[in-house]
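Structure, as structure tokens:
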2 protein chains.
Amino acid sequence: MTDKLSDTGRKTMLEPLLATGWELDEGRDAIAKTFVFDDFVGAFGFMTRAALWAEKWDHHPEWSNVYKTVKVVLTTHDVDGLSALDVKLARKMDQIAGA
Amino acid sequence: MTDKLSDTGRKTMLEPLLATGWELDEGRDAIAKTFVFDDFVGAFGFMTRAALWAEKWDHHPEWSNVYKTVKVVLTTHDVDGLSALDVKLARKMDQIAGA
């Protein structure tokens, strides 16, 4: 079972993400980031790679795409807020995007 | 060059789409549809197939995905409204989704 991030988890896991461009939506207890690629192939290629990890981990993003831009929101519905799964998927997305 | 849909084009091409669940956003002169699948694999599989056609035709949707749901908006920025390309991509998406 996934747990909501503790205060310690927020400090050790969330803060490094916020330094890479993720932003905290405190109203929803979610994190969000906008990724911009060279073109649609770059953007959808990123989504495809991220989708495989999301499905493998059974943890899926809320995301939108307009041409070369992908906006991602991560939160964990089961805990009504952020969990370690969001941090894991966010890190993977940064890695895939080459950030 | 793509042209904005004429009044005749709207009647002959748009009306059949509106009967399949597409809705006209008159404020933006765009069409929108929400596709719901069984799960994320169904939703992202649809997006992947649609993405290949979009790239092939160099005409890309604005879309968002949350788990098994995909919301699509189609419009043609070059003509600041709907063109035959939107109708073509909408029909293809309906076909892919099995609608």
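Naming: A, B, ... by sequence-line order, numbering from 1 per chain.
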B:Phe44 and A:Thr48: CA distance, side-chain angles, deciding distance, side-chain contact (heavy atoms from CB on, under 4.5 Å) verdict: CA-CA 8 Å; B:Phe44 201 78; A:Thr48 303; 3.9 Å; yes
Stepwise side-chain contact (heavy atoms from CB on, under 4.5 Å) test for A:Phe40 and B:Asp58: CA-CA 9 Å; A:Phe40 180 74; B:Asp58 194 20; over 6 Å; no
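Counting heavy-atom neighbours within 6.0 Å of B:Lys4 NZ, excluding the residue itself, gives a total above 12. Atom CD of B:Glu55 is surrounded by more than 12 heavy atoms from other residues, nucleotides or ligands within 6.0 Å.
In this structure, OH on A:Tyr67 lies 12.0 Å from NE2 on B:His77, to the nearest 0.5 angstrom. Distance check: A:Asn65 CG to B:His60 NE2 gives 8.5 Å after rounding to the nearest 0.5 Å.
Under the 4.5 Å side-chain heavy-atom criterion for grouping Ile, Leu, Val, Met, Phe, Trp and Tyr, A:Phe37 is not connected to A:Val73 through any hydrophobic cluster. A:Trp57 and A:Leu5 fall within a single hydrophobic cluster, where Ile, Leu, Val, Met, Phe, Trp and Tyr are joined by side-chain heavy atoms under 4.5 Å apart, directly or via other members.
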